[in-house]
Amino acid sequence: MVRNLLIRGMLTGVLAGLPAWVFAWVFGEPEVRNAIAFEEHEAGAHGDHPEKEIVSRGVQSTIGMLTGVGVYGIAIGGLFALVFAFAYGRIGPFRPRATAGLLALLGFVTVIVVPFLKYPANPPAVGDPDTIGRRTALYFGLLALSVLFAAAAVLLARRLTPRLGVWNAVPLAVAAFVVAVGVAMWAMPTVNEIPAEFSATVVWRFRVASLGIHTLIWTTFGLVFGLLAERVLFPVADPRPESRVPAAAG
């Protein structure tokens with residue numbers, strides 16, 4: 001059963017990568033070109049010669065970007081399927097589609113939105129190459145804390161539900177998650193290496209495009225994977241709800 005879910009998760013990742021690539025090419029690629037043009041202009045103003053491209057921009061913006069988004073989607077899809085297999089039936093009496101939708105929402109907020117609010121994506125020509133290691137460590141550090149706080153919030157909601165009911169337990173757990181994330185974001189150092197002369201519009205549009213790509217990917221997981229998982233866990237095509245018994249795990 002886990003193998004079947006894993007295969008469907010990776011397939012969902014491939015399907016998610018296609019609209020994400022189109023979105024990235026339409027909305028993200030123009031801002032990348034603008035950033036590269038700024039970088040080349042600054043290099044020329046300082047008498048520096050631009051480095052020779054190993055892979056042309058045409059390949060990078062088409063096949064290269066499609067490959068990157070596809071590999072990312074497959075990897076996230078496999079992890080999503082494994083988390084679904086562990087969480088199904090443990091986070092509440094939800095059907096596969098509802099479970100997938102809930103996990104996609106939690107994953108999007110935890111893995112994408114929280115780190116993005118503190119350390120958003122930047123286009124080329126933004127950021128000091130000497131600090132890339134530090135910036136990467138800070139990003140993944142906040143990501144790890146976000147996942148940890150989300151898991152703790154889920155456990156807190158489960159423990160409070162028998163005493164307070166789901167409509168009270170869930171908001172309290174969400175509030176605890178928000179407070180914990182807020183404290184972590186406040187305590188972690190801020191990184192701002194955008195050149196003063198760099199276009200704020202390009203930065204804003206690039207970040208919106210980056211967030212839009214992830215939104216498409218995680219929305220696809222919530223919708224498509226839920227449908228595929230439903231067919232795996234409930235293979236009997238019987239319209240009566242009482243006859244829809246989940247398939248035995250193997």
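Throughout, numbering of the chain's residues begins at 1 and tracks the sequence. The basis for the numbers below is simple: all heavy atoms, side chains too, and nothing from hydrogens, waters or symmetry mates.
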**Request:** For P19 and L216, work out which heavy atoms get closest and say how close.
**Result:** O-CD1, 3.7 Å
**Asked** With F84, which residues qualify under ring-ring contact (aromatic ring centres under 6.0 Å, His included), at least two apart?
**Response** Y88, F225
**Message:** List the residues meeting side chain to side chain contact (heavy atoms under 4.5 Å, CB included) with R205, not counting sequence neighbours, and say none if there are none.
**Reply:** E31, T201
**Prompt:** Which ILVMFWY residues can you reach from W204 by hopping between side chains whose heavy atoms are under 4.5 Å apart?
**Reply:** V208
**Message:** Counting C-beta onward and ignoring hydrogens, is there a side-chain heavy-atom pair between I213 and L211 closer than 4.5 Å?
**Reply:** no
**Request:** State, to 0.1 Å, how close F94 and L102 come at their nearest heavy-atom pair, and which atoms those are.
**Result:** CE1-CD2, 4.0 Å
**Message:** Are V224 and L103 connected into the same hydrophobic cluster when the rule is that any two of I, L, V, M, F, W, Y join if their side-chain heavy atoms are below 4.5 Å apart?
**Reply:** no
**Complete:** By side chain to side chain contact (heavy atoms under 4.5 Å, CB included), P120 pairs with (sequence neighbours left out) F116, R207
**Residues in side-chain hydrogen bond (donor to acceptor under 3.5 Å, both in side chains) contact with R135, at least two apart in sequence or another chain** = T131, E193
**Complete:** Across all chains, not counting sequence neighbours, the side chain to side chain contact (heavy atoms under 4.5 Å, CB included) partners of I76 are Y72, W218, F221
**Request:** Taking the side chain as every heavy atom from C-beta outward, state whether F198 and P123 have any pair of such atoms under 4.5 Å apart.
**Result:** yes
**Request:** Compare every heavy atom of A169 with every heavy atom of L164, then report the nearest pair and how far apart it is.
**Result:** CB-N, 4.4 Å
**side chain to side chain contact (heavy atoms under 4.5 Å, CB included) involving V178 - partner list, sequence neighbours excluded** = V174
**Asked** Taking a hydrophobic cluster as the set of Ile, Leu, Val, Met, Phe, Trp and Tyr residues connected by side-chain heavy atoms closer than 4.5 Å, whether directly or through intermediates, do L138 and V114 fall within one such cluster?
**Response** yes
**Item:** M10-L79 co-clustered via ILVMFWY side chain contacts under 4.5 Å
**Value:** no
**Request:** Return the minimal non-hydrogen interatomic distance between L5 and A81, and the atom names on each side.
**Result:** O-CB, 3.2 Å
**Message:** Can you list everything that forms a side-chain hydrogen bond (donor to acceptor under 3.5 Å, both in side chains) with R8? Sequence neighbours excluded, please.
**Reply:** none
**Any donor-acceptor pair under 3.5 Å from K118 side chain to M188 backbone** = yes
**Request:** Output yes when a side-chain donor or acceptor of S210 lies under 3.5 Å from a complementary backbone atom of F206, and no otherwise.
**Result:** no
**Prompt:** Who pairs with T136 by side-chain hydrogen bond (donor to acceptor under 3.5 Å, both in side chains), at least two apart in sequence or on another chain?
**Reply:** none
**Message:** Can you tell me how far apart OG1 (T12) and CD1 (I217) are? Round to the nearest 0.5 Å.
**Reply:** 12.5 Å
**Asked** R97 versus L223: any side-chain heavy-atom pair under 4.5 Å?
**Response** no
**Prompt:** Under the side chain to side chain donor-acceptor pair (under 3.5 Å) rule, what pairs show up with a residue in residues 170-187, not counting sequence neighbours?
**Reply:** none
Which donor-acceptor pairs under 3.5 Å do side chains of residues 143-160 form with protein atoms, sequence neighbours excluded?
unit_1	atom_1	unit_2	atom_2	d
S146	OG	T110	O	2.7
R158	NE	R90	O	3.3
R158	NH1	R90	O	3.1

**Prompt:** Side chains of R231 and L227: does their closest heavy-atom pair fall under 4.5 Å?
**Reply:** yes
**4.5 Å side-chain heavy-atom contact, L66 and L18** = yes
**Prompt:** Which heavy atom of A20 sits nearest a heavy atom of V69, and at what distance?
**Reply:** CB-CG1, 3.8 Å
**Asked** Should V109 and V83 be counted in the same cluster of Ile, Leu, Val, Met, Phe, Trp and Tyr side chains packed under 4.5 Å apart?
**Response** yes
**Pairing residues for N4 by the side-chain hydrogen bond (donor to acceptor under 3.5 Å, both in side chains) criterion, not counting sequence neighbours** = none
**ILVMFWY cluster, W21 and L15 together (side-chain gap under 4.5 Å)** = no
